[in-house]
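The structure appears below as structure tokens.
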2 protein chains.
Amino acid sequence: MLKVVTVEDMALGKDYVTQECSIARALEVVGERWTLLVVRDAIYGVRRYNDFLVHLGIPRAVLSARLRTLTEEGILDKRRYQESPPRDEYVVTERGAALWPALRALGQWGREYVDGSRLRIFRHADCGGDVEAYGTCAVCGTLVPVADVVMVPGPGLDSAPADPVSRALLRPKRLLEPLETDPAQPAH
Amino acid sequence: MLKVVTVEDMALGKDYVTQECSIARALEVVGERWTLLVVRDAIYGVRRYNDFLVHLGIPRAVLSARLRTLTEEGILDKRRYQESPPRDEYVVTERGAALWPALRALGQWGREYVDGSRLRIFRHADCGGDVEAYGTCAVCGTLVPVADVVMVPGPGLDSAPADPVSRALLRPKRLLEPLETDPAQPAH
DNA sequence: CATGTAGGTTCAGTGAACGAACCTACGGTG
DNA sequence: CACCGTAGGTTCGTTCACTGAACCTACATG
């Protein structure tokens with residue numbers, strides 16, 4: 001029996017088949033459920049498995065799958081930061097950070113047309129101006145690169161969240177820089 | 001029997017539960033598979049059920065579901081354009097057109113980091129300048145509103161596609177304006 | 001040696017996507 | 001009138017992905 005290899009063997013229903021479109025190509029990579037939220041957290045500075053887990057409330061199996069494919073796609077970089085016990089962290093790459101304009105635009109739309117309240121405010125680190133709708137600084141007018149964005153909590157944000165990652169994100173922080181969570185209080 | 005209504009009754013797994021984040025809010029609305037591609041087509045000027053169907057290659061049941069929820073969400077407007085036989089069209093609203101910056105940013109990322117080839121080129125209708133990475137015009141520098149964008153085929157695009165919608169999209173066209181497909185050739 | 005923590009994998013159940021078939025309403029043609 | 005074509009759907013069985021819970025490994029600590 002001759003087995004002909006066809007397009008259908010291309011694995012899964014992840015691909016938007018004949019779409020000749022860079023939006024579709026992008027969504028093939030980051031369009032699955034949870035994926036863009038993992039990238040968002042990575043840009044916010046989340047790097048560790050458990051921090052993604054508690055902050056996103058994502059099933060472990062799905063988180064493992066997303067971290068693996070994002071690493072394979074070169075959007076995250078998995079690297080060992082201590083040997084004993086072996087611990088890895090996932091650091092966003094340039095390719096991943098380049099998704100920031102898309103995420104910011106989505107967030108802008110969500111705030112304007114879905115939510116209404118101001119949850120997080122993004123400021124230009126150099127001059128303190130607000131980052132506006134299209135990514136420019138309201139004060140100096142320059143197009144603010146993701147590494148020069150400082151995130152501060154907005155008035156609509158819960159000021160005493162349950163999980164330590166959300167609490168750490170209440171402090172003003174520069175994007176891409178690693179998030180420092182409070183050391184867990186000893187049960188004693 | 002007392003039936004207590006709980007969070008689990010909230011229908012489906014569509015919601016990113018406790019996410020206090022406008023990106024998550026946006027993705028709750030437009031984050032399902034196919035949804036952003038339907039909005040993209042609507043912004044490109046596609047308005048009719050069958051045009052979405054052949055251009056996207058989407059299962060009919062899924063298309064019906066997406067058109068329904070997008071209409072309910074006020075992103076598309078379903079309206080009757082002829083009475084006999086009854087025919088409806090789906091027109092993108094202001095709320096839907098406001099997704100353009102996010103779609104453009106996603107497409108920009110796809111072109112830079114996934115695909116490489118230039119499939120579609122967006123120009124400022126007023127002056128003919130290219131629309132750049134962050135939505136500004138390369139010539140006059142203004143932030144180009146979606147209604148002033150003209151889409152022309154790029155060098156990477158197939159010049160003789162099979163379906164009539166892709167063929168119609170080869171002609172330069174202004175975004176949001178209705179797409180005019182070739183009348184189907186009579187079989188005779 | 002028991003307990004805790006980080007970072008996973010495995011598995012059964014469920015909900016969503018898929019593709020094919022079918023249905024309705026109408027217009028045009030012979 | 002019978003038949004075909006088209007637009008815009010719905011229905012249905014199968015497959016696939018997401019979910020939540022349980023389990024596993026490696027190491028550190030008391």
Leu63(A) CG - dA17(D) P separation (whole Å): 18 Å
Within 6.0 Å of CD in Glu94(A), more than 12 heavy atoms from elsewhere: no
Sugar-phosphate, base or nothing in reach of Ser84(A), heavy atoms under 4.0 Å: sugar-phosphate
Side-chain (Arg66(A)) to main-chain (Val38(A)) donor-acceptor, under 3.5 angstrom: no
Over all atoms of both residues, closest heavy-atom pair of Cys140(A) and Cys127(A): SG-SG, 3.8 Å
Among dA7(D), dG19(C), dG9(D), the nucleotide that comes nearest once only the side chain of Pro59(B) is considered: dG19(C)
Members of residues 70-80 of chain A that approach DNA chain D, where some heavy atom sits under 4.0 Å away: none
Of the listed nucleotides dG7(C), dG8(D), dG8(C), the one nearest the side chain of Arg87(A): dG7(C)
Test: Asp148(B) and Arg174(B) ion pair at under 4.0 Å: yes
Asp88(A) or Ala61(A), whichever maps to the more 5' nucleotide of DNA chain C: Asp88(A)
Donor-acceptor contact present, side-chain Lys78(B) to main-chain Thr71(B), <3.5 Å: no
Whole-Å gap separating P (dC18(D)) and CZ (Arg33(A)): 9 Å
For atom CD of Glu32(A) and atom P of dA17(C), their distance in whole Å: 13 Å
Touch class at under 4.0 angstrom, heavy-atom based, for Tyr90(A) against every strand present: sugar-phosphate
Side chain to side chain, Leu169(A) and Met151(A), heavy atoms closer than 4.5 Å: yes
Distance test, side-chain N/O of Ser64(B) to OP1/OP2 of dT10(D), below 4.0 Å: yes
Length of the OH-C1' vector between Tyr49(A) and dC24(D), whole Å: 12 Å
d(CZ, Arg68(A); P, dG7(C)) in whole Å: 16 Å
Between P of dT6(D) and CG of Leu53(B), the distance in whole Å: 14 Å
Given DNA chain D, 5'-ward residue of the pair Ile58(A) and Leu67(B), judged by closest heavy atom: Leu67(B)
Exercise: do Asp41(B) and His55(B) side chains pair donor with acceptor under 3.5 Å: yes
Any Arg48(B) side-chain nitrogen or oxygen under 4.0 Å from OP1 or OP2 of dT6(D): no
Touch class at under 4.0 angstrom, heavy-atom based, for Arg66(A) against every strand present: sugar-phosphate
Sugar-phosphate, base or nothing in reach of Val62(B), heavy atoms under 4.0 Å: sugar-phosphate
Integer-rounded Å distance: dA17(C) P and Trp34(B) CH2: 11 Å
Side-chain donor/acceptor of Arg60(B) to base of dG19(C), under 3.5 Å: no
Euclidean distance, Leu27(B) CG relative to Glu32(B) CD, rounded to 0.5 Å: 11.0 Å
d(CD, Glu83(A); P, dG7(C)) in whole Å: 14 Å
